[in-house]
Amino acid sequence: MATDSLTITDNRTGKTYEIPILYGTFPTYGAAIRSADLRQIKVSDDDFGLMGYDPAFMNTASCKSAITHIDGERGILRYRGYPIEQLAEQSNYLEVAYLLIHGELPSKAQHDEWVHNITHHTMVHENLKKFTDGFHYDAHPMGMMVSTLAALSTFYPASKRVTEADNRKLEIYRLIGKAITLGAMTYRHTKGLPYVSPDNDLSYTGNFMNMLWKMAEVKYRPNPILEKALDVLFILHADHEQNCSTNAMRSVGSSQSDPYCAAAGGTAALYGPLHGGANEQVLRMLRTIGSKDKIPQFIQDVKDRKALLMGFGHRVYKNYDPRARIIKRLAEQVFEVTGKNPLLEMALELERIALEDEFFVKRKLYPNVDFYSGIIYEAMGFPTDYFTVLFMIPRMSGWLAQWQEMITDTEQKIARPRQVYTGVAIRDFEPIEKRNKK
Ligand code: SDX
């Protein structure tokens, strides 16, 4: 009997089955069986065979991936094996985007070519400006981003040729390059300000700041502290293995839809308040609480299931999200420039109380990436409903890395889950006059 296997006895038939166990890089964390191997377990020849039932994929590996590893119990996050703390400290966002997509850190020549190509793909077709003008002045920026990303696909019909490596490469340049341009356009539209063209002299985040905040000055000069802080925030948000929006990106991409529409799907998933929309909800929650003395009552409301502690909890992290720890430190640097956000004190007090309270400790609820990021974004001058755009822009590189890994994985095909059908087996149609309904 192989040791790396399960022996399953089906008590309905008395039969036993040997199911091989697969391992990832961390044998104690990522061992799996092929669900397809369960299909042989039947009670009769016409039996479909066993499936795994797993609502919300709480314990289902949808793919093999070499991009990002999270160890939730230990609060570990690594991109291609590099600890997030080292990348945040020593790298920059575009270099991290290269690492996620190519699997290795770039040489100087590779880095310069990568930066050049992305920098020269930041402009968008003028019609995208007319498209953006069509939104109402108070349209939510994420609703605008979902739409403009999908609209962008209509300008690049060749992007459908997803199996051709050269095409994927060009679309990856375009999507990373144009993410900051589209993001800035949604911001300027809601402010009633003219759109600002990219400035290729600036860094990726400096150029983004230029397109957001340039006014009448001849040349925009980004504040280097804010530029660096935004770049670190982009690194922290770049990828996070098989989260909800990445699952959407992979699923839409698995039908060989183009990467713009797949990214629109990822953006739509990220928009939700339980996912990327949480950073916006944290600020709304802090405002609703109003003051430190109201925190105990809010905590009680959470325990009574009347509210969620937004920015807390995580499907994978059952320890402190390492990104939240870095963002918390980053806040001090930003506040030196912007002035302290008074909401920080309330957030710190909320965290202090929650981390001592049995309700949260028992459920292993810790601050996640969204708990402190919004406080920084607000101090930088971003409106609350724009925070998730600041999550989506850097996550574009992670989505594209995951999408490309899916497209090139010979084991992958169109995503099509099964179900356990619990509806009516069969019945005959009744004409409306014969239905005894009120
Ligand atoms: C992101 O997946 C990723 O990697 C996502 C992300 C990424 O980078 O892509 O990390 C980004 O989405 C971070 C999460 C942002 N969302 C929020 O901050 C919203 C608030 N958090 C929760 O909605 C919740 O924690 C989730 C959605 C994040 C995780 O939910 P799970 O894993 O489905 O956990 P669960 O709902 O099963 O909760 C377990 C228990 C439950 O209590 P019981 O019913 O067992 O008594 O904890 C409770 C939950 O009610 N709980 C919370 C809570 N989160 C979970 N109670 C109060 N406040 C919370 N925030």
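Every heavy atom of this structure was used, including side-chain atoms; hydrogens, water molecules and symmetry mates were not. First listed ligand is number 1; within each ligand, the first listed atom is number 1. If you read the sequence from its start, that first residue is 1, and numbering goes on from there.
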| query | Are there protein heavy-atom neighbours of atom 46 (O) of ligand 1 below 4.0 Å? | reply | yes
| query | Quick one: which ligand 1 atoms are inside 4.0 Å of a heavy atom on Gly311? | reply | 17 (C), 18 (O)
| At a 4.0 Å cut-off, with the gap strictly under it, does some heavy atom of Arg395 reach an atom of ligand 1? | yes
Acceptor/donor pairs from residues 296-303 side chains to any protein atom, 3.5 angstrom cut, sequence neighbours excluded:
residue : atom : partner : partner atom : Å
Gln297  : NE2  : Asp301  : OD1          : 2.8
Gln300  : NE2  : Asp304  : OD1          : 2.9
Gln300  : NE2  : Asp304  : OD2          : 3.4
Lys303  : NZ   : Asp357  : OD1          : 3.3
Lys303  : NZ   : Asp357  : OD2          : 2.5

| query | Could a heavy atom of Leu308 be found less than 4.0 Å from some atom of ligand 1? | reply | yes
| task | Would you mind listing which atoms of ligand 1 come within a distance below 4.0 Å of any non-hydrogen atom of His240? | result | 3 (C), 4 (O), 6 (C), 7 (C), 8 (O), 9 (O), 10 (O)
| Side chain or backbone of Leu309 under 4.0 Å from ligand 1, or both, or neither, by non-hydrogen atoms? | both
| Should the pair His240 and Tyr317 be assigned to parallel (<30°), tilted (30 to 60°) or perpendicular (>60°) ring geometry? | tilted
| Atoms in ligand 1 flagged as close to Ala278, the criterion being non-hydrogen separation under 4.0 Å | 15 (C), 16 (N), 17 (C), 18 (O)
| Just which atoms of ligand 1 are under 4.0 Å from any heavy atom in Arg305? | 42 (O), 43 (P), 44 (O), 46 (O), 50 (O)
| query | What atoms of ligand 1 come closer than 4.0 angstrom to any heavy atom of Val302? | reply | 57 (C)
| request: For Arg174, check side chain to side chain contact (heavy atoms under 4.5 Å, CB included) against everything at least two apart and list the hits. | output: His121, Tyr156, Leu170, Glu171, Lys178, Tyr260
